[in-house]
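This chain uses plain numbering: 1 for the first residue, then up along the sequence. From a predicted model like this one, the values you see are computed outputs, not experimental measurements.
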Amino acid sequence: MVIGKGQADGFLQPDEIRSIVAESIDSLPLSGKRVLMIIPDGTRTMPMPLMFRLFDELLRPRLKALDYLVALGTHPLMTDAQLSKLIGRPVADGKAGDSHIFNHHWEDPKTFVTLGSIRAHEVSQLTNGLMRQDVPVSLNKVILDYDHIIICGPVFPHEVVGFSGGNKYFFPGIGGAEIINFTHWLGAVITNYDVIGAGYTPVRAVIDRAASLIPRPTSCFALVVTEDGTTGLFFGAPQEAWKAASELSAKKHIMWLDKPFRRVLSVLPELYDDLWTGGKGMYKLEPAIEDGGEVVIFGPRIEEVSYTHGKLIDEVGYHCRDYFLKQWDHFKHYPGGVLAHSTHVKGLGSFDPATGVESPRINVTLATGIQKERCDRINLGYLDPAAINFADWQGRESEGIVVIPRAGETLYRLKIRDSDPLS
């Protein structure tokens, strides 16, 4: 059973959100229990201060403990100041009141517990034969200190899994390297072009199967949000709440176009601190760009490719999927997550191993604080952001030239394409 509601037009009011949270909490036998909330970091639009306040008011008094774990995946650890902004309460030494606000220490193997593995034959079934290997499943072991785990996070079209949210907050959110790299590379093999916004995907199937190994009861608040407000809030088992939210997200977060863009100025919001997260300014636009077109990622404040994986990306560069698949022996030792990010930013293309010629479908250019020499080294185009005059881009939609003012969360796709490539 799913509790909640949503609407493609308009927003839920605070009293409606409070009522849904209260009903959801009342549906669970949590009195005297220890509860861990899995929440997003600062790279997602999310009314986390409101949700934190409601949990503190409606849930905390009946519990033995209510703590929070930030689903960082492999994003940088958050400071107390960043955590304070995230939840809307002062955080000192990782605590807000009597609640712990934990960073997910993905970089420390000692923080994980192995839950089991998904065997190769089952992986083959789940991935429609694309992959066949054992996949170890590990998770942040702090979950074992609690009686019930609740996910609370938004749902958007997503480049790896189709739509974010639900059990994705476990994998990759607080998951181990093996399943993170496996699922990201699986998504890259399918390609962002086909997987993003495509409903229930093979990657989602693997994640849901991994989540079935979690030895604690789990629930989920799945939200559909924009910069302007919350359009949906659903609560239930993670798969069910996610399904309801993803159906609404498909209506709210996908813009269907009659004809493709030729050139796009993709303006990144302050959600993104590096290209690793800001690559969404490409992912959400790739399906709507004509062959030979260009995405210019505009973010002058971004000065780093990835604060976590920058060294590896400098070695690998940005390339289309077939560049790696057709030279797999050379690249197979790199983390699948790094290779996946590379292909997602570069987009579709082809590679001829006989000539060494790579032919991307579209061009990707950075107008950021990342210098030209580095852009050349990592195989992306460069524009000086200071030289960009917005007036030169605006009012040219008839030419296929557009400015996307807050890129990264709305997906743009063409009506002439199948509305669900993986169905």
Side-chain angles (χ1 to χ4, degrees), residues 2-21 39-54 71 85-88 151-166 168-169 173 192 196-199 220-235 241-257 261 264-273 277-288 295 297-299 397 402-413 415 419:
V2 173
I3 297 169
K5 63 180 180 179
Q7 51 195 57
D9 298 315
F11 301 99
L12 300 181
Q13 298 304 306
D15 61 331
E16 293 178 286
I17 294 174
R18 187 183 189 281
S19 178
I20 293 169
V21 172
I39 63 174
D41 64 10
T43 63
R44 272 74 173 162
T45 298
M46 170 69 182
M48 199 60 236
L50 171 62
M51 299 303 289
F52 188 92
R53 184 168 70 251
L54 291 174
K85 181 179 179 181
L86 177 70
I87 68 169
I151 300 163
C152 180
V155 173
F156 291 99
H158 193 270
E159 62 277 5
V160 173
V161 70
F163 283 90
S164 63
K168 184 180 177 295
Y169 276 85
N192 166 69
I196 193 166
C220 177
F221 285 97
L223 296 88
V224 180
V225 299
T226 71
E227 182 186 17
D228 298 316
T230 300
T231 68
L233 173 59
F234 304 94
F235 176 82
W242 169 83
K243 184 175 186 295
S246 66
E247 289 172 354
L248 179 58
S249 176
K251 298 173 183 176
K252 192 66 181 178
H253 295 138
I254 301 179
M255 296 286 292
W256 293 96
L257 307 176
F261 297 136
V264 175
L265 186 63
S266 179
V267 182
L268 298 182
E270 291 191 2
L271 291 171
Y272 311 125
D273 292 328
T277 53
K280 293 181 185 297
M282 160 60 178
Y283 312 153
K284 302 293 172 67
L285 285 156
E286 182 191 6
V295 174
I297 298 176
F298 182 81
E397 289 81 6
V402 296
V403 177
I404 304 298
R406 184 183 168 86
E409 292 185 335
T410 297
L411 170 63
Y412 294 81
R413 279 174 41 176
K415 293 178 181 178
S419 61

Next item on the list: Go through the steps for Met51 and Met46 under the test side-chain contact (heavy atoms from CB on, under 4.5 Å), then give the verdict.
Entry: CA-CA 9 Å; Met51 299 303 289; Met46 170 69 182; 4.0 Å; yes
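- To the nearest 0.5 Å, the span separating CG on Leu268 from CE on Met282 amounts to 13.0 Å.
- A salt bridge is defined here as a Lys NZ or Arg NE, NH1 or NH2 lying under 4.0 Å from an Asp or Glu carboxylate O, and Lys280 with Glu159 meets this definition.
- Inter-residue side-chain proximity for Val295 and Glu286 is flagged as unmet; no heavy-atom pair is nearer than 4.5 Å.
- Between the side chain of His253 and the backbone N or O of Val225 there is at least one donor-acceptor pair closer than 3.5 Å.
- To the nearest 0.5 Å, the span separating CG on Asp15 from CD1 on Ile20 amounts to 10.0 Å.
- With rounding to the nearest 0.5 angstrom, the CD atom of Gln7 is 8.5 Å from the CG atom of Leu248.
- Scanning for side chain to side chain contact (heavy atoms under 4.5 Å, CB included) contacts around Glu16 gives Lys5, Leu12, Gln13, with sequence neighbours left out.
- Remark: the backbone N or O of Val224 is paired with a side-chain donor or acceptor of Thr231 at under 3.5 angstrom.
- For Lys251 and Phe163, the positive end is not near the middle of the six-membered ring at less than 6.0 Å and at most 45° from its axis.
- Using bins of under 30°, 30° to 60° and over 60° for the plane-to-plane angle, the ring pair Phe235/Phe221 lands in the tilted bin.
- Taking 4.0 Å as the cut-off between side-chain N and carboxylate O, Glu247 and Lys243 count as a salt-bridged pair.
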Check: Can you list the steps and then say if Phe11 with Thr230 is a side-chain contact (heavy atoms from CB on, under 4.5 Å)?
Finding: CA-CA 5 Å; Phe11 301 99; Thr230 300; 5.8 Å; no
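- More than 12 heavy-atom neighbours from other residues, nucleotides or ligands sit within 6.0 angstrom of CG on Asp228.
- Residue Arg18 holds its CZ atom at 10.5 Å from CZ of Arg53, rounded to the nearest 0.5 Å.
- Taking both residues in full, the closest heavy atoms of Pro40 and Cys152 are given as CD-O, 3.1 Å, listed atom of the first, atom of the second, then distance.
- Smallest separation of non-hydrogen atoms from Pro154 and Ser164: O-OG, 3.7 Å.
- Rounded to the nearest 0.5 angstrom, Phe156 CZ and Leu223 CG are separated by 9.5 Å.
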Item checked: Verdict with supporting geometry, Val21 and Leu233, side-chain contact (heavy atoms from CB on, under 4.5 Å) -> CA-CA 9 Å; Val21 172; Leu233 173 59; 4.1 Å; yes
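- Of all non-hydrogen atoms in Ala222 and Val155, the two that sit nearest each other are CB-CG2, 4.1 Å.
- A donor-acceptor pair under 3.5 Å links the side-chain atoms of Ser246 to the main chain of Trp242, judged by distance alone.
- The local environment of CD in Glu270 is sparse, with at most 12 non-hydrogen atoms from other residues, nucleotides or ligands closer than 6.0 Å.
- With hydrogens and angles ignored, the 3.5 Å screen pairs a side-chain donor or acceptor of Arg413 with a backbone N or O of Gly197.
- A pairwise comparison of heavy atoms in Pro287 and Leu411 identifies CG-CD1, 4.2 Å as the closest pair.
- The backbone N or O of Gly281 lies less than 3.5 Å from a partner atom in the side chain of Ser266, making a donor-acceptor pair.
- For the pair Val267 and Val403, the minimum side-chain heavy-atom distance is below 4.5 Å.
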Next item on the list: For Leu86 and Ile39, run side-chain contact (heavy atoms from CB on, under 4.5 Å): C-alpha distance rounded to whole Å, both residues' side-chain angles, the deciding distance at 0.1 Å, then the answer.
Entry: CA-CA 10 Å; Leu86 177 70; Ile39 63 174; 4.0 Å; yes
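- The backbone N or O of Thr45 sits less than 3.5 Å from a side-chain atom of Glu409, completing a donor-acceptor pair.
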